[in-house]
Amino acid sequence: MGKRDDLIAQYADDLKNKCGMTPDMDLLTKVTIGCGPSIYDADASTVASSQPGELETVKQNFLIKKLGLADGPELDEGIAKVIETYGKSERNKHRAVVYYMLTKHFGKESCYA
């Protein structure tokens with residue numbers, strides 16, 4: 001197994017044990033690939049949920065640009081719900097896991113078909 005496969009296994013473990021959900025491995029793999037090289041960078045691979053600027057970046061670059069959602073309060077609510085599910089006290093929120101949960105939350109799996 002390569003480094004990406006190891007990371008996907010780690011993300012699946014987070015989804016099961018920290019978020020209480022059974023991951024769709026095909027979708028998780030596609031979301032992880034969609035994150036590009038950022039998954040290998042210690043800083044870029046996680047979402048700093050306590051920083052408003054970081055959450056705005058997730059909203060603008062992922063929800064609006066990638067998933068094609070219209071800006072509105074429901075985007076912030078969706079991000080807040082995902083962060084709550086992952087656990088506010090969880091320091092290392094992996095970007096791929098957050099993006100996976102946002103994709104599921106907004107029902108935009110078709111973006112990765």
Side-chain angles (χ1 to χ4, degrees):
M1 285 197 346
K3 187 159 170 61
R4 186 173 68 199
D5 292 331
D6 293 342
L7 287 169
I8 291 169
Q10 182 182 354
Y11 301 155
D13 185 65
D14 269 17
L15 284 163
K16 282 184 207 138
N17 299 317
K18 294 178 182 170
C19 305
M21 51 178 62
T22 303
D24 170 343
M25 293 307 291
D26 187 48
L27 179 63
L28 181 58
T29 300
K30 289 176 181 174
V31 170
T32 302
I33 292 168
C35 288
S38 71
I39 61 170
Y40 305 111
D41 180 271
D43 187 48
S45 68
T46 57
V47 173
S49 61
S50 61
Q51 296 177 354
E54 174 80 357
L55 299 179
E56 186 62 25
T57 299
V58 169
K59 182 166 85 170
Q60 293 297 326
N61 293 351
F62 184 70
L63 295 178
I64 295 172
K65 287 183 184 165
K66 173 69 182 162
L67 299 186
L69 297 167
D71 196 358
E74 63 280 352
L75 298 189
D76 295 317
E77 290 162 15
I79 292 170
K81 186 168 192 276
V82 162
I83 298 301
E84 187 71 39
T85 301
Y86 210 142
K88 286 189 180 200
S89 61
E90 180 59 44
R91 285 201 61 216
N92 295 319
K93 293 178 186 70
H94 296 287
R95 187 170 303 280
V97 175
V98 171
Y99 285 8
Y100 171 89
M101 288 196 293
L102 285 168
T103 302
K104 294 290 260 183
H105 176 80
F106 288 106
K108 297 296 277 184
E109 293 90 341
S110 61
C111 291
Y112 289 99

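No hydrogens, no waters, no symmetry mates; every other heavy atom, side chains included, goes into these values.
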Keeping to residues at least two apart or across chains, list the side-chain hydrogen bond (donor to acceptor under 3.5 Å, both in side chains) pairs with something in [range].
range          : value
residues 73-82 : Lys59-Asp76
residues 41-58 : Ser49-Lys93, Glu54-Arg95, Glu56-Gln60
residues 28-38 : Asp26-Lys30

Measuring from Cys35:SG to Phe62:CZ, what's the distance to the nearest 0.5 Å?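 Here the interatomic distance stands at 7.0 Å.
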Which heavy atom of Leu28 sits nearest a heavy atom of Pro23, and at what distance?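 Here Leu28 and Pro23 meet closest at CD2-CB, 4.3 Å.
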What's the shortest heavy-atom distance between Val97 and Tyr86, and which atoms?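 Shortest heavy-atom separation between Val97 and Tyr86 comes out as CG1-CE1, 3.4 Å.
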What residues, two or more places apart in sequence or in another chain, satisfy salt bridge (charged side-chain N to carboxylate O under 4.0 Å, His left out) together with Glu90?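 Per chain and number, Glu90 pairs via salt bridge (charged side-chain N to carboxylate O under 4.0 Å, His left out) with Lys18.
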Is the shortest heavy-atom distance from the side chain of Leu75 to the side chain of Ile64 under 4.5 Å?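 The answer is yes, as the side chains (C-beta and beyond) meet within the 4.5 Å cut-off.
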Non-hydrogen side-chain atoms of Leu55 and Val47 separated by less than 4.5 Å: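 In contact.
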Does any pair with a residue in residues 5-38 pass ring-ring contact (aromatic ring centres under 6.0 Å, His included), and if so which ones, sequence neighbours excluded?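 Residue pairs passing ring-ring contact (aromatic ring centres under 6.0 Å, His included), neighbours aside: Tyr11-His94.
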Distance-only check: which donor-acceptor pairs under 3.5 Å involve side-chain atoms of residues 102-113, not counting sequence neighbours?
unit_1: Thr103; atom_1: OG1; unit_2: Tyr99; atom_2: O; d: 2.7
unit_1: Lys108; atom_1: NZ; unit_2: Leu67; atom_2: O; d: 3.4

Give a yes or no on whether Leu7 and Met21 share a hydrophobic cluster (residues Ile, Leu, Val, Met, Phe, Trp, Tyr; joining criterion: side-chain heavy atoms under 4.5 Å apart).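 Yes, one cluster joins them.
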